[in-house]
S.K.: 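For reference, the structure I am asking about is given below.
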Amino acid sequence: MPKEYTSGSLQILDGLDAVRMRPGMYIGSTGARGLHHLLWEIVDNGIDEAANDYANEVAVTLHKDGSCSVWDNGRGVPVDMHPTLGISGVEVIYTKLHAGGKFDHENYGYSGGLHGVGASVVNALSKWMTVDSFRDWEHWQIRFETIYDNKEKKWKAGQITEPLHKVGNTRKHGTLVRFMPDDTIFEETRFNADIVRRRLRELAYLNKGAAISFTDERAPAPGNAPYVFCYQGGIADFVSYLNKDKTSLYEKPIVFEAQKDDILLSLAIQYTDAYTESTYSYVNNIPTPEGGTHETGFRAALTKALNDYARKIGALKEKDIGLAGEDFREGMTALLSVKVRNPQFEGQTKGRLGNTEVRPAVEAMVSQKLQEYLEDLKNADIGQSILEKAVKAARVREASRKAREVARAKNALEAAPLVGKLSSCTGRKPEENELLIVEGDSAGGSAKQGRDRRFQAILPLRGKPLNVEKKRIDQVLGNEEFRSIITALGTNIDEDFTLDTLKYHKVIILSDADQDGAHIRAILLTFFFRYMRELVSGGHVYIGMPPLYQVKTGSSSMYAYDDKELKKLTQGLKNYTIQRYKGLGEMNPEQLWETTMNPDRRKLMQVTLED
C-alpha cells in the first residue's frame with residue numbers, strides 16, 4: 001500500500017544535496033559527457049579570466065591518481081570574508097549554488113559561466129577538492145571532501161576538512177583547483193585525453209595569444225610531457241586548421257571583428273571546393289552546436305551581402321531572384337564567435353543561444369563588414385570566386401530539386417525493389433519500432449533470423465555507401481544504398497525531410513568492430529548529419545555495440561565489450577576459452593540476439609550533436 005502523502009513526505013534538499021540527487025539536471029548526464037562537463041566548468045573559470053585580460057595562461061593536468069587540476073594565472077579567488085554570509089569568498093564560490101562574481105559586469109565583462117553553479121556543482125560531484133588561491137602576495141588553501149554523516153545517514157558533499165589557511169607568501173597570482181570525480185556518481189571516472197586536448201586547442205584558437213597547456217601524467221613518456229596551445233592568429237588559424245585537408249579557393253581566411261552596443265563579434269570565413277557547409281559558433285567561448293540567434297543573423301547577412309554584391313557587379317540582374325542562402329554556404333567553413341553580456345542558453349549545457357537582441361546586431365555587423373570587404377578592389381578576385389561557386393551550386397540545387405520530384409513520383413515503385421532488401425517488422429507503431437542497418441549480407445542474414453520481428457526491421461547494406469561529404473545531393477539520391485535507407489525510413493531528405501512520416505523511432509547502425517566497420521559508421525552518420533539532421537537531434541540514431549569477446553567456461557558463455565570488461569570477466573576464472581569476434585557475421589542468430597539485439601541486454605550508444 002502506498003505511503004500516505006502528507007507535508008511530512010516533502011524533502012528539502014539543502015546546499016549541494018540537490019546536485020547529488022539529480023546530477024543530470026546540472027551536467028547533462030553521469031556518463032562520459034557529464035564527467036568532462038565537470039572539467040569544462042573549472043576550465044571555463046580560467047578562460048573567463050583570460051578572456052577579460054586578467055590572465056594569459058591556463059594549464060590542465062590529468063594526474064595519475066585519476067584527479068584533475070586546472071591552473072590559471074589570473075587574480076586568484078577571493079579569500080576575504082563575505083559581507084553578509086560571514087564565510088570566505090572561496091567557500092561561497094565552491095559550496096553555494098547560484099553564487100559568484102559573474103552576475104554583474106564589474107568583475108567580468110563577458111563570461112560563459114553565468115548560472116553561478118559551475119564550481120559548486122564540481123565540488124558536489126567530487127570525492128574531494130582542493131583550492132589554492134594566490135593573490136595579494138599570499139598563498140591560501142582549502143580542502144573539501146564528500147563524507148558520510150552518521151547522524152543524518154547520508155553522504156554530504158563539500159564538507160570542509162582543511163579550513164582555509166595561509167600556506168605562505170608568494171609572488172604568483174592565480175587559482176589552482178584540483179578535484180577527484182566521485183565514482184559513486186559517474187559511470188566512468190577516467191578522463192579522455194583526446195577530448196580534453198581537442199577542447200583546449202579550440203579554446204586557444206578562440207582566445208588569441210593565450211597559452212593553454214595540457215599534461216597527461218597517466219601517459220607513458222614522451223606522451224606525458226606538457227603540450228602548449230597558443231595561436232597568435234586566433235580564429236583565422238582555427239579556420240585554416242579546419243580546412244587543412246581541403247583545397248581552399250583563396251589562401252587567407254576573411255577575418256573581421258566588430259562591436260555593436262555590448263555585443264562583440266569575431267568572424268572568419270574561408271571557402272573550399274567542398275560541397276557542404278561547416279559553421280562553428282561560440283558564445284563567450286562556449287560552443288553552441290545547436291546554433292541560435294547569432295547564427296541566424298550571420299546567415300541572413302551573408303545571403304543579403306553576397307546577393308547585393310552579385311547585383312552590383314552584374315552577376316545578377318536587378319529583376320533576377322537572388323541566390324538562396326544554401327548556395328552561398330556551399331563549401332564555406334565559418335567560425336563565428338560572439339561575446340554577449342547576458343547570454344540566454346538552453347539549459348546549463350549551453351547548446352543554443354536564445355537572445356533575440358543578438359540576431360539584428362550580428363546581422364548588421366556582418367552586413368557592414370562584408371560589404372566593406374567586397375567593395376575593396378583588392379578582394380575582387382575572392383568575391384568573384386565565391387559568386388562563381390554559388391552560381392554553380394544554384395544550378396545543381398535546381399537539378400537536385402527536379403531529381404527529388406522524380407524520386408517522389410517513383411516512391412510507389414521503389415517499394416518493390418526494397419522488398420528484397422528490407423525485412424520489415426509486423427508492428428504498426430513507429431515509436432516502438434526499430435530499423436537495424438546491418439553491415440553485409442552475412443550479418444544481415446543472422447540478424448533477420450535472430451530478431452524479434454514484432455518490432456525489429458533489418459536492412460542489410462551491400463558494400464560501402466558514398467561519402468556524402470564529397471558528393472552533391474543528386475549523386476546521393478542516385479546511390480542505391482542511400483535510396484534504400486531513405487525509402488525505408490519514409491522521411492525524405494534535406495529540405496523535404498520530415499519526422500512526421502518516420503516509420504522507425506530507433507535507427508540502429510550495426511557494423512563490425514574493425515576499421516571497415518568504423519568507416520561505414522562514419523559514412524552513415526555523416527549522411528544522417530548532413531541530410532537528416534533532425535533524426536540525430538531528435539535522439540533517433542543509435543550505434544549498436546557488439547561484443548569483442550566471447551568467454552566460454554564449460555557450457556556457459558559470457559561476453560565482453562572491451563578489453564577492460566574482458567579482464568574483469570576472466571579474473572579468477574579457470575579453464576576458460578576466449579574467442580575474439582572479427583565481425584557480426586561470425587555470430588549465429590542466437591548469439592547476435594543475445595548480445596546485440598535483445599533490448600534487455602544489449603548496449604546502445606545514442607548519437608547526439610556535440611561541439
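Here, residue 1 is the first one in the sequence, and each next residue gets the next number. These numbers come from a predicted model, not from an experiment.
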S.K.: With distance as the sole test, does S385 use its side chain to make a donor-acceptor pair with the main-chain N or O of I382 at under 3.5 Å?
M.R.: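 Yes, S385 side chain to I382 backbone: donor-acceptor pair under 3.5 Å.
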S.K.: Which residues pass the side-chain hydrogen bond (donor to acceptor under 3.5 Å, both in side chains) test with D452, sequence neighbours left out?
M.R.: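 With sequence neighbours excluded, D452 shows a side-chain hydrogen bond (donor to acceptor under 3.5 Å, both in side chains) to R454, given in chain and number order.
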S.K.: Surrounding CZ of R601 (heavy atoms of other residues, nucleotides or ligands, distance under 6.0 Å), is the total greater than 12?
M.R.: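 No, the 6.0 Å shell around CZ holds no more than 12 heavy atoms from other groups.
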S.K.: More than 12 non-hydrogen atoms from neighbouring residues, nucleotides or ligands closer than 6.0 Å to CZ on R453, yes or no?
M.R.: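 Open: at most 12 neighbouring heavy atoms sit under 6.0 Å from CZ of R453.
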S.K.: What's the separation between atom OH in Y581 and atom OG1 in T596, rounded to the nearest 0.5 Å?
M.R.: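 Result: 9.0 Å between the selected atoms.
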S.K.: Kindly say whether K448 contributes a backbone atom to a donor-acceptor pair with the side chain of R451 at under 3.5 angstrom?
M.R.: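 Side chain of R451 to backbone of K448: a pair is present.
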S.K.: Do any pairs count as a ring pair (Phe, Tyr, Trp, His ring centres under 6.0 Å) and have a residue in residues 462-493, sequence neighbours left out, and if so which ones?
M.R.: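 Listed once each, the pairs are F482-F527.
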S.K.: Counting only N and O atoms by type, is there a donor-acceptor contact under 3.5 Å from the side chain of Y309 to the main-chain atoms of L387?
M.R.: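 No; judged by distance alone, with no hydrogens or angles, the pair does not exist.
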S.K.: Given R602 and M545, is the side-chain contact (heavy atoms from CB on, under 4.5 Å) satisfied, shown in steps?
M.R.: CA-CA 7 Å; R602 70 187 178 189; M545 308 293 285; over 6 Å; no
S.K.: Just checking, K506 and Y542: is the charged tip under 6.0 Å from the six-membered ring centre and within 45° of the axis?
M.R.: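 So K506 does make the cation-pi contact.
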S.K.: Tell me the closest heavy-atom pair linking V283 and P343, and the distance in Å.
M.R.: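 Result for this residue pair: CG1-CB, 4.0 Å.
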S.K.: Dump the intermediate steps for side-chain contact (heavy atoms from CB on, under 4.5 Å) on L510 and I437, then the final yes or no.
M.R.: CA-CA 6 Å; L510 277 185; I437 302 174; over 6 Å; no
S.K.: Please find the pair of heavy atoms, one from A443 and one from L584, that lie closest to each other, and give the distance.
M.R.: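 So the two residues come closest at CB-CB, 3.5 Å.
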S.K.: If we count only N and O atoms by modelled type, under 3.5 Å, do the side chains of E469 and N467 hold a donor and an acceptor together?
M.R.: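 No donor-acceptor contact under 3.5 Å links the two side chains.
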S.K.: Which pair of heavy atoms, one from L265 and one from V338, lies closest together, and at what distance?
M.R.: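 Closest approach of L265 to V338, heavy atoms only: CD1-CG1, 3.8 Å.
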S.K.: Under 3.5 Å, side chain of Q456 to main-chain N/O of M597, donor-acceptor pair present?
M.R.: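 Checking the backbone N and O of M597 against the side chain of Q456, a donor-acceptor pair under 3.5 Å is found.
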S.K.: Look up atom CG in L370 and atom CD1 in I386, then write down how far apart they are to the nearest 0.5 Å.
M.R.: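 Answer for the CG-CD1 pair, L370 versus I386, is 7.5 Å.
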S.K.: Passes side-chain contact (heavy atoms from CB on, under 4.5 Å), F528 versus V541? Steps please.
M.R.: CA-CA 9 Å; F528 288 136; V541 180; 4.2 Å; yes
S.K.: In terms of heavy-atom contacts, does CD of E431 have more than 12 from other residues, nucleotides or ligands at under 6.0 Å?
M.R.: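 Above 12, so yes.
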S.K.: Kindly write out the residues that satisfy side-chain hydrogen bond (donor to acceptor under 3.5 Å, both in side chains) with T279, not counting sequence neighbours, or none if the list is empty.
M.R.: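 Residues passing side-chain hydrogen bond (donor to acceptor under 3.5 Å, both in side chains) with T279: E277.
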S.K.: Please report the interatomic distance CD1(I235) to CG(L242), rounded to the nearest 0.5 Å.
M.R.: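 With rounding to 0.5 Å, CD1 (I235) is 11.0 Å from CG (L242).
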S.K.: May I have the step-by-step check of side-chain hydrogen bond (donor to acceptor under 3.5 Å, both in side chains) for S511 and R521, ending in yes or no?
M.R.: CA-CA 7 Å; S511 60; R521 276 198 306 277; 2.9 Å; yes
S.K.: Is there a side-chain hydrogen bond (donor to acceptor under 3.5 Å, both in side chains) between E357 and N355 once you walk through the steps?
M.R.: CA-CA 6 Å; E357 75 277 9; N355 298 60; 3.0 Å; yes
S.K.: Near Q606 CD, under 6.0 Å, is it more than 12 heavy atoms from other residues, nucleotides or ligands?
M.R.: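 Yes, CD of Q606 has more than 12 neighbouring heavy atoms, counting only those of other groups under 6.0 Å.
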S.K.: Quick one: are E388 and V391 in side-chain contact, heavy atoms under 4.5 Å?
M.R.: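 No, their side chains stay 4.5 Å or more apart.
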S.K.: Can you confirm whether I508 sits close enough to I543 that some side-chain heavy atom of one is under 4.5 Å from a side-chain heavy atom of the other?
M.R.: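 Counting from C-beta outward, I508 and I543 never come under 4.5 Å.
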S.K.: For K246, is there an ion pair with D273 - N to carboxylate O distance below 4.0 angstrom?
M.R.: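 So D273 does not pair with K246 through a salt bridge.
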S.K.: Shortest non-hydrogen contact from G490 to T501?
M.R.: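 Looks like O-OG1, 2.5 Å.
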S.K.: Indicate yes or no for a side-chain donor-acceptor contact from N307 to the backbone of L323 under 3.5 Å, with no hydrogens or angles considered.
M.R.: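 Checked: pair present.
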S.K.: Quick one: does N588's side chain get under 4.5 Å of L592's, heavy atoms only?
M.R.: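 N588 vs L592: side chains apart.
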S.K.: State whether R359 and E363 are salt-bridged, where the test is any N-O pair (Lys NZ or Arg NE/NH1/NH2 against Asp/Glu carboxylate O) under 4.0 Å.
M.R.: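 The answer is yes: the pair qualifies as a salt bridge.
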S.K.: Flag the pair R352 and E295 as a salt bridge only when some basic side-chain nitrogen lies within less than 4.0 angstrom of an acidic carboxylate oxygen.
M.R.: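 Between E295 and R352 there is no salt bridge, as every charged N stays at least 4.0 Å from the carboxylate O atoms.
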S.K.: If we ignore angles and hydrogens, is there a donor and acceptor under 3.5 Å between the side chains of E41 and H37?
M.R.: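 There is such a pair (donor and acceptor under 3.5 Å, judged by atom type) between the side chains of E41 and H37.
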S.K.: Any donor-acceptor pair under 3.5 Å linking the side-chain atoms of S557 with those of K552?
M.R.: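 The criterion, which ignores hydrogens and geometry beyond distance, is not satisfied for S557 and K552.
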S.K.: Which heavy atom of S424 sits nearest a heavy atom of Y504, and at what distance?
M.R.: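 S424 and Y504 have their closest heavy atoms at CB-OH, 4.1 Å.
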S.K.: Quick test of your reading of the model: are E202 and R199 salt-bridged, counting only N-O distances below 4.0 Å?
M.R.: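 Judged by the 4.0 Å cut-off on N to carboxylate O distance, E202 and R199 do form a salt bridge.
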S.K.: Mind checking the CG-CG spacing from L316 to L306? Nearest 0.5 Å is all I need.
M.R.: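 Separation between the atoms: 10.5 Å.
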S.K.: Quick one: list whatever passes side-chain hydrogen bond (donor to acceptor under 3.5 Å, both in side chains) with K304, sequence neighbours left out.
M.R.: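 So K304 forms a side-chain hydrogen bond (donor to acceptor under 3.5 Å, both in side chains) with D308.
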S.K.: So, T333 versus N243: side-chain donor-acceptor pair below 3.5 Å or not?
M.R.: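 Indeed, the side chains of T333 and N243 share at least one donor-acceptor pair under 3.5 Å.
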S.K.: Can you find a heavy atom in the side chain of F298 that is under 4.5 Å from one in the side chain of L267?
M.R.: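 The answer is yes, as the side chains (C-beta and beyond) meet within the 4.5 Å cut-off.
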S.K.: Looking at OG of S484 and CG of L459, how far apart are the two atoms once the value is rounded to the nearest 0.5 Å?
M.R.: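 S484 OG to L459 CG: 6.0 Å, rounded to 0.5 Å.
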S.K.: Testing the 3.5 Å rule here: is there a donor-acceptor pair between the side chains of S281 and T288?
M.R.: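 Yes, because at least one side-chain N or O of S281 sits under 3.5 Å from a partner of the opposite role on T288.
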S.K.: Taking the side chain as C-beta and beyond, is there a heavy-atom pair between H540 and L502 under 4.5 Å?
M.R.: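 Yes, close enough: below the 4.5 Å cut-off.
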S.K.: Please identify each residue that fulfils salt bridge (Lys or Arg N to Asp or Glu O under 4.0 Å) with R190, with sequence neighbours left out.
M.R.: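 Per chain and number, R190 pairs via salt bridge (Lys or Arg N to Asp or Glu O under 4.0 Å) with no residue.
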S.K.: Carefully, step by step, assess Q270 and I254 under the rule side-chain contact (heavy atoms from CB on, under 4.5 Å).
M.R.: CA-CA 6 Å; Q270 189 177 45; I254 300 169; over 6 Å; no
S.K.: Please check: side-chain N/O of S29 versus main-chain N/O of G24, any donor-acceptor pairing under 3.5 Å?
M.R.: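 Pair absent, no side-chain N/O of S29 close to backbone of G24.
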S.K.: If the condition is ring pair (Phe, Tyr, Trp, His ring centres under 6.0 Å), which residues does F238 pass it with, not counting sequence neighbours?
M.R.: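 Result, ring pair (Phe, Tyr, Trp, His ring centres under 6.0 Å) vs F238: Y205.
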S.K.: What distance separates N284 CG from D44 CG, expressed to the nearest 0.5 Å?
M.R.: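 Between N284 CG and D44 CG, I get 10.0 Å after rounding to 0.5 Å.
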S.K.: Can you tell if the side chain of N285 reaches within under 4.5 Å of the side chain of L203, non-hydrogen atoms only?
M.R.: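 The answer is yes, as the side chains (C-beta and beyond) meet within the 4.5 Å cut-off.
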S.K.: Is the shortest heavy-atom distance from the side chain of P23 to the side chain of F186 under 4.5 Å?
M.R.: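 No - every pair of side-chain heavy atoms lies 4.5 Å or more apart.
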S.K.: Using 4.0 Å as the upper bound for N to carboxylate O, is an ion pair formed by K564 and E188?
M.R.: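 Looking at E188 and K564, the cut-off is met.
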S.K.: Would a distance-only check, ignoring hydrogens and angles, find a side-chain to backbone donor-acceptor pair under 3.5 Å from N479 to E481?
M.R.: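 Yes, because the side chain of N479 sits within donor-acceptor range (under 3.5 Å) of the backbone of E481.
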S.K.: Just one of L461, L524, L435 clears the side chain to side chain contact (heavy atoms under 4.5 Å, CB included) bar with I509, so which one?
M.R.: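 Result for side chain to side chain contact (heavy atoms under 4.5 Å, CB included) with I509: L524.
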S.K.: Quick one: are T491 and M532 in side-chain contact, heavy atoms under 4.5 Å?
M.R.: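 SC-SC contact between T491 and M532 confirmed.
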S.K.: Closest approach of A324 and T303, non-hydrogen atoms and distance?
M.R.: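 Closest approach of A324 to T303: C-CG2, 4.4 Å.
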S.K.: Judged by modelled atom types alone, do D563 and Y549 share a side-chain donor-acceptor pair under 3.5 Å?
M.R.: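 Y549 and D563 do have a side-chain donor-acceptor pair below 3.5 Å.
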